There are 2 protein chains.
Amino acid sequence: METNTASSPNDHGNILVVDDDADIRLLVSKFLQRHGYHVHTASDARSLRETLKRFSIDAIILDVMLPGISGIQACRTIRQTSSVPIILLTARSEEDFRVSGLEGGADDYVTKPFSPRELLARLRSVLRRSRGGDLNTTPPDRNRILFDGWVFDTQRRELNTPEGVLIDLSTGEYNLLVTFLEHANRVLSREMLMEFAKMRASDPFDRTIDVQISRLRRKLEISENAEQIIKTVRNAGYVFLPKVTFE
Amino acid sequence: METNTASSPNDHGNILVVDDDADIRLLVSKFLQRHGYHVHTASDARSLRETLKRFSIDAIILDVMLPGISGIQACRTIRQTSSVPIILLTARSEEDFRVSGLEGGADDYVTKPFSPRELLARLRSVLRRSRGGDLNTTPPDRNRILFDGWVFDTQRRELNTPEGVLIDLSTGEYNLLVTFLEHANRVLSREMLMEFAKMRASDPFDRTIDVQISRLRRKLEISENAEQIIKTVRNAGYVFLPKVTFE
DNA sequence: CCCGTTTGTTACAAATTGTTGCAGAATATG
DNA sequence: CATATTCTGCAACAATTTGTAACAAACGGG
């Protein structure tokens with residue numbers, strides 16, 4: 001078991017990161033430490049249990065795929081003895097896990113590959129709700145997302161321009177935008193985009209995504225705000241450029 | 001038998017949670033405890049009886065599916081010796097249970113998967129009526145549901161626009177709206193909608209639900225309030241957009 | 001049994017998404 | 001630097017999915 005409890009100026013709480021991939025453990029740990037959290041790590045179910053026994057943990061970040069045990073199982077096990085907030089890390093195309101994960105007692109989930117910024121937002125939200133004692137009362141509040149002055153309401157599925165004009169999005173445009181927002185500042189391949197945005201299976205030469213991007217861009221250009229939002233990366237895919245703020 | 005009587009600052013009463021699924025017992029217990037109730041739990045009919053004998057219980061939350069005994073049976077049995085309020089937990093597609101459950105002496109029911117918020121609302125309502133001593137006089141008062149300024153009275157089956165105009169709904173429209181309200185902000189497939197809204201079995205190409213949605217929408221558009229309420233999700237189903245408040 | 005109301009069916013219109021082709025941009029090649 | 005090659009943008013069209021009017025069947029109250 002690794003315990004990585006480097007102290008930080010302001011202590012926002014003890015977080016336990018559980019993942020069998022050492023890279024991810026390290027990445028997440030460093031990031032959270034920089035934001036004032038104490039971080040413990042564990043790589044399997046056994047060390048998870050031990051850490052929970054030995055330390056007072058405020059929240060757990062848990063990969064759904066652990067060697068030997070599913071994250072859902074782990075989730076239930078934890079829930080038998082504790083109501084500590086849990087955020088699941090799910091790989092793409094594991095929507096089933098996300099649903100059953102929430103049923104299994106998780107409080108929120110983040111899809112890999114995730115932006116640390118998003119993870120942080122979710123963590124804060126979960127901790128806030130946990131302290132308020134109403135973790136199960138309110139659903140995960142992933143509803144308002146801001147970028148470049150735009151406001152996107154995921155609950156109402158509406159998009160407002162910086163000028164406050166309501167733009168309406170088709171289902172496909174909505175799915176695509178959500179995908180970008182959840183993986184902002186990262187180059188997404190056409191393949192990933194199609195999968196995340198729930199489009200139907202992609203032949204290698206499928207240009208559907210290009211057309212959908214084109215349609216989304218047209219709507220995002222309506223604003224005076226001249227900044228480019230979705231940038232093409234030749235031979236790779238597309239990136240969503242603006243800084244994204246959750247909630 | 002488990003007894004889980006952690007004390008809470010304000011004591012709102014002793015609740016007995018009966019379910020064979022440990023996860024649900026735990027989830028519900030924690031939640032109710034956080035809201036100031038003493039919680040006892042039982043996993044089968046025998047421990048239910050024992051708990052009732054040993055403690056003064058103010059309300060029972062009872063899963064209809066218990067190993068060895070139907071919740072309805074349990075309900076009747078309890079009623080032979082007590083008039084304690086009972087809330088049934090029913091899985092979906094157990095509509096029969098809901099009806100016969102109320103006949104069997106239950107005071108209200110909640111359909112799984114349920115929001116803890118809704119359960120709490122029902123529990124409060126049942127306790128309030130119980131203390132007033134008029135539990136059998138008045139039907140379950142799951143009556144006021146608010147969304148986007150609209151007021152829906154399930155008892156009278158009436159819907160009022162934000163302007164206060166009364167809209168009347170047919171049975172089918174009522175069922176559909178209730179389904180949406182109980183599962184707001186969630187994409188519901190046509191299949192689920194048909195099942196929940198008690199329409200007759202659905203062939204894969206049945207468009208009945210679309211037509212019913214269309215009819216409901218027409219009534220919901222009467223208000224000046226231009227906001228869209230039910231949104232179509234292509235290839236998936238429909239979502240009810242507004243935030244819903246039970247009271 | 002009649003009649004008004006509600007619900008189910010069907011057909012066609014409208015909206016959305018997928019496909020293709022070509023023009024133009026970006027990059028590689030000579 | 002000129003040209004060839006590859007890749008992307010997007011208009012135009014095709015296919016799919018949804019909206020809803022219009023009609024038929026089923027229901028319910030006298």
Side-chain angles (χ1 to χ4, degrees), chain A residues 157-159 166-180 187-222 226 228-241, chain B residues 95 157-159 166-180 187-222 226-241:
Chain A
R157 300 183 157 233
E158 289 171 354
L159 179 65
L166 187 119
I167 304 287
D168 84 344
L169 298 174
S170 75
T171 306
E173 290 156 355
Y174 168 87
N175 287 334
L176 189 53
L177 183 52
V178 166
T179 302
F180 275 122
V187 179
L188 296 172
S189 70
R190 290 180 167 71
E191 205 186 355
M192 280 189 192
L193 286 168
M194 300 213 52
E195 201 170 333
F196 279 126
K198 298 168 192 139
M199 303 171 81
R200 64 121 202 293
S202 62
D203 310 80
F205 294 122
D206 203 330
R207 306 287 312 289
T208 306
I209 198 70
D210 300 51
V211 178
Q212 256 333 19
I213 296 261
S214 167
R215 286 168 179 151
L216 180 55
R217 273 177 171 158
R218 193 176 311 164
K219 295 202 176 175
L220 292 176
E221 276 162 11
I222 290 174
Q228 189 182 20
I229 293 182
I230 298 171
K231 176 175 174 167
T232 309
V233 180
R234 196 175 227 252
N235 289 315
Y238 298 89
V239 209
F240 189 84
L241 295 176
Chain B
E95 298 99 32
R157 307 195 146 220
E158 285 173 357
L159 179 64
L166 187 123
I167 306 285
D168 81 345
L169 298 174
S170 75
T171 312
E173 291 157 354
Y174 170 87
N175 287 335
L176 190 53
L177 182 53
V178 166
T179 302
F180 274 122
V187 178
L188 298 173
S189 69
R190 290 181 167 70
E191 208 184 354
M192 280 189 197
L193 285 168
M194 301 217 46
E195 195 174 330
F196 278 124
K198 302 168 191 141
M199 304 173 81
R200 64 120 206 291
S202 61
D203 310 80
F205 294 122
D206 203 330
R207 305 285 313 288
T208 306
I209 197 71
D210 299 51
V211 177
Q212 220 37 322
I213 296 260
S214 170
R215 286 167 179 152
L216 180 55
R217 273 178 172 157
R218 192 177 312 164
K219 296 201 176 175
L220 292 175
E221 275 163 11
I222 291 174
E227 312 231 33
Q228 191 181 17
I229 293 182
I230 298 170
K231 170 144 184 161
T232 308
V233 180
R234 197 182 228 245
N235 290 314
Y238 298 89
V239 211
F240 189 83
L241 297 175

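Every chain is numbered from 1 and lettered A, B, ... according to where its sequence line falls, protein lines coming before strand lines. Keep in mind that this is a model prediction, so the values were computed, not measured.
- The separation between A:R190 atom CZ and C:dT19 atom C1' is 15 Å, rounded to whole Å.
- Residues B:G237 and A:D210 both approach DNA chain D. Their nearest nucleotides, taken by heavy-atom distance, put A:D210 toward the 5′ side.
- Looking at heavy atoms from C-beta onward, A:R157 lies in side-chain contact with B:V233 at the 4.5 angstrom threshold.
- Atoms CD1 (A:I209) and C1' (C:dT20) sit 17 Å apart, rounded to a whole Å.
- Rounded to an integer number of Å, the gap from CD1 of B:I213 to C1' of C:dG8 is 15 Å.
- Taking side-chain N and O atoms only, A:S170 has no distance below 4.0 Å to OP1 or OP2 of C:dT16.
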For B:L169 and B:L176, run side chain to side chain contact (heavy atoms under 4.5 Å, CB included): C-alpha distance rounded to whole Å, both residues' side-chain angles, the deciding distance at 0.1 Å, then the answer. CA-CA 10 Å; B:L169 298 174; B:L176 190 53; over 6 Å; no
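- Nucleic acid contact for B:Y238: sugar-phosphate only, since backbone atoms but no base atoms lie under 4.0 Å from a heavy atom of the residue.
- Looking at B:K231, its side chain never comes within 3.5 Å of a backbone N or O of B:V187 through a donor-acceptor pair.
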One pair to check against side chain to side chain contact (heavy atoms under 4.5 Å, CB included): B:T208 and B:M199. What are the steps and the verdict? CA-CA 9 Å; B:T208 306; B:M199 304 173 81; 3.5 Å; yes
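- Checking A:V233 against B:N235, the closest nucleotide of DNA chain D that is more toward the 5' end is the one next to A:V233.
- In this structure, the NZ atom of B:K219 is 18 Å from the C1' atom of D:dG19, given to the nearest Å.
- Remark: the B:R234 side chain and the D:dT16 base include a donor-acceptor N/O pair separated by less than 3.5 Å.
- The interatomic distance linking A:M194 (CE) with C:dG18 (C1') rounds to 9 Å, in whole Å.
- A:R207 comes within contact range of at least one nucleobase, with a heavy-atom separation under 4.0 Å.
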Starting from the C-alpha separation in whole Å, work towards a yes-or-no answer on side chain to side chain contact (heavy atoms under 4.5 Å, CB included) for A:D206 and A:R190. CA-CA 9 Å; A:D206 203 330; A:R190 290 180 167 71; over 6 Å; no
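- Look at A:S214 and you won't find any side-chain N or O under 4.0 angstrom from OP1 or OP2 of D:dT8.
- Taking CZ from A:R217 and CG from A:D210, the interatomic distance works out to 9.0 Å, rounded to the nearest 0.5 Å.
- Contact check, A:T232 against D:dG9: a side-chain N or O comes under 4.0 Å of OP1 or OP2.
- At a threshold of 4.0 angstrom between heavy atoms, the contacts of B:R215 include nucleobase atoms, whether or not backbone atoms are also involved.
- Comparing C:dT17, D:dC10, D:dA21 against the side chain of B:R218 picks out D:dA21 as the nearest.
- The closest donor-acceptor contact from the side chain of B:R234 to the backbone of A:G172 lies at 3.5 Å or more, if one exists at all.
- For A:R200, taking side-chain heavy atoms from C-beta onward, the closest of the listed nucleotides C:dT19, D:dG19, D:dC10 is C:dT19.
- Atom P of nucleotide C:dG8 and atom CG of B:L216 are separated by 14 Å, given to the nearest angstrom.
- Between C:dT9 and B:T208, a contact under 4.0 Å exists linking OP1 or OP2 to a side-chain N or O.
- As a whole-Å value, the separation of B:R217 CZ from C:dA15 P is 13 Å.
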Does the side chain to side chain contact (heavy atoms under 4.5 Å, CB included) test come out yes or no for A:T179 and A:F240, once each step is laid out? CA-CA 10 Å; A:T179 302; A:F240 189 84; over 6 Å; no
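- The distance from atom CG of A:D206 to atom P of D:dA14 is 19 Å, rounded to the nearest whole Å.
- Map A:E173 and B:D168 each onto its nearest nucleotide of DNA chain C; the residue landing nearer the 5' end is B:D168.
- Two end axes, each from the C1' atoms of five base pairs, can be drawn for the helix from C:dC1-D:dG30 to C:dG30-D:dC1; they diverge by 30°, to 10 degrees.
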